Amino acid sequence: MANFSRGKTAGVIFEELLLVLDAIPHGGPYNMAMDEVLLRADGPPLLRVYGWSAPTVSFGYFGRHAAVRQLWPGRNLVRRWTGGGIVPHGADLTYTLVVPKSEPFAGRPAAETYRMIHEAVAGALGDAGGALSLAAGAPKVSDECFANPAAHDILADGIKVAGAAQRRTRHGLLHQGSIQRRGLGSEFAARLAAALGRRVKARALTETEKNEAVRLAGEKYGTSEWLRRF
């Protein structure tokens, strides 16, 4: 049986954090491309909260396209740059945390960064958010991310409601998370940002970032070669 804690964060992770509320829903390739653009920018720690223009399923970098298509025949699909399982998007709140390599946090062990970020998420969700799993649950039963609670995921009434995947590159840490709860909006995003950073500054995406994301989506994330690479 898994162990749990309430997941209240003991303190913020970053002294400064940029918050990007990407209010315009986008397609999967653009969303994945924008996350990579922001990571490659080597800027300050940044939290991006965003939505989807159509019901979409994302799957991890090493996921098998044919298996995902069989499970979700009617959904748009996109392969993530991060690992992990299959995640449905549309009704969830999706966020990305970008941490440059200059931040000591980016060099901490994956299990530790995952736990600390999810402590902040649980704290922002409050009493209705659920508990932080301290150990892996039952053996893996499918490739569906939310059917397989892992250590430090967030569970409510035994059901996984928040999970994430990470990737580390020479630019830093990319953490892509999904919270499977309806009705979470800008107020929650602000609470999450405050749980992560002592000083939070909101900013908009620049035209340069938007144009670069469009280019990268067309050249990488939106291509058949990327989608079907495994």
Side-chain angles (χ1 to χ4, degrees), residues 22 26-42 46-52 54-73 75-90 92-101 105-115 117-118 121 136 140-153 160 162-180 209 212-230:
D22 197 350
H26 302 288
Y30 180 96
N31 276 330
M32 299 300 98
M34 180 56 77
D35 286 349
E36 183 172 344
V37 167
L38 293 172
L39 177 65
R40 292 182 183 276
D42 290 329
L46 182 147
L47 173 68
R48 174 179 171 243
V49 180
Y50 58 95
W52 305 78
T56 302
V57 167
S58 72
F59 58 102
Y61 179 80
F62 291 106
R64 299 288 178 177
H65 170 266
V68 181
R69 175 56 70 199
Q70 185 175 12
L71 288 170
W72 294 90
R75 286 281 188 111
N76 294 336
L77 303 183
V78 65
R79 185 183 297 276
R80 297 190 304 272
W81 202 24
T82 54
I86 303 168
V87 181
H89 303 290
D92 63 330
L93 182 136
T94 317
Y95 71 94
T96 294
L97 182 64
V98 172
V99 185
K101 64 179 181 180
F105 184 80
R108 291 186 176 186
E112 184 178 355
T113 58
Y114 196 91
R115 172 185 59 78
I117 294 168
H118 267 186
V121 171
K140 182 177 178 180
V141 296
S142 78
D143 291 326
E144 299 274 2
C145 174
F146 284 83
N148 298 284
H152 312 312
D153 284 336
K160 180 175 174 178
Q166 296 186 348
R167 183 184 181 97
R168 283 169 168 78
T169 76
R170 62 186 179 89
H171 297 282
L173 167 66
L174 177 67
H175 175 102
Q176 294 177 315
S178 172
I179 305 170
Q180 300 284 322
E209 290 166 341
E212 181 64 12
V214 170
R215 182 196 65 78
L216 188 59
E219 295 180 0
K220 180 178 179 179
Y221 291 101
T223 65
S224 179
E225 290 80 7
W226 175 263
L227 185 65
R228 302 171 185 271
R229 67 181 303 150
F230 299 114

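These numbers come from a predicted model, not from an experiment.
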Ignoring hydrogens and geometry, is there a side-chain-to-backbone donor-acceptor pair from [X] to [Y] under 3.5 Å?
X	Y	value
Arg80	Gly85	yes
Arg115	His118	no
Tyr114	Gln166	no

To the nearest 0.5 Å, what is the distance between [atom1] ([X]) and [atom2] ([Y])?
X	Y	atom1	atom2	result
His152	Glu112	NE2	CD	9.5 Å
Leu93	Tyr50	CG	OH	9.5 Å
Arg48	Asp22	CZ	CG	4.5 Å
Thr56	His26	OG1	NE2	12.5 Å
Arg167	Leu174	CZ	CG	8.5 Å
Leu77	His65	CG	NE2	5.0 Å

Do [X] and [Y] come close enough that some side-chain heavy atom pair is under 4.5 Å?
X	Y	result
Asp35	Trp81	no
Arg168	Thr113	yes
Asn31	Thr94	no
Phe59	Leu71	no

For [X] and [Y], which heavy atoms make the closest approach, and how far apart are they?
X	Y	value
Ala213	Tyr30	CB-CE1, 3.7 Å
Asp92	Ser178	OD2-OG, 2.6 Å
Trp52	Gly28	CZ3-CA, 3.5 Å
Asp153	Gly163	OD1-CA, 3.7 Å
Pro88	Val57	CA-CG2, 4.1 Å
Asn76	Ala54	ND2-CB, 3.6 Å

> Within a radius of less than 6.0 Å around CZ of Arg64, do more than 12 heavy atoms belonging to other residues, nucleotides or ligands occur?
Replying inline: no

task: May I ask you to decide whether Lys220 forms a salt bridge with Glu36, counting only side-chain N to carboxylate O separations under 4.0 Å?
output: yes

Those residues at least two apart in sequence (or on a different chain) that pass salt bridge (charged side-chain N to carboxylate O under 4.0 Å, His left out) with Arg75 are none

- Message: Is the distance from the ring center of Tyr61 to that of Trp226 below 6.0 Å?
- Response: yes

Which of His89, Gln176, Arg79 passes side-chain contact (heavy atoms from CB on, under 4.5 Å) with Ser58? It is His89

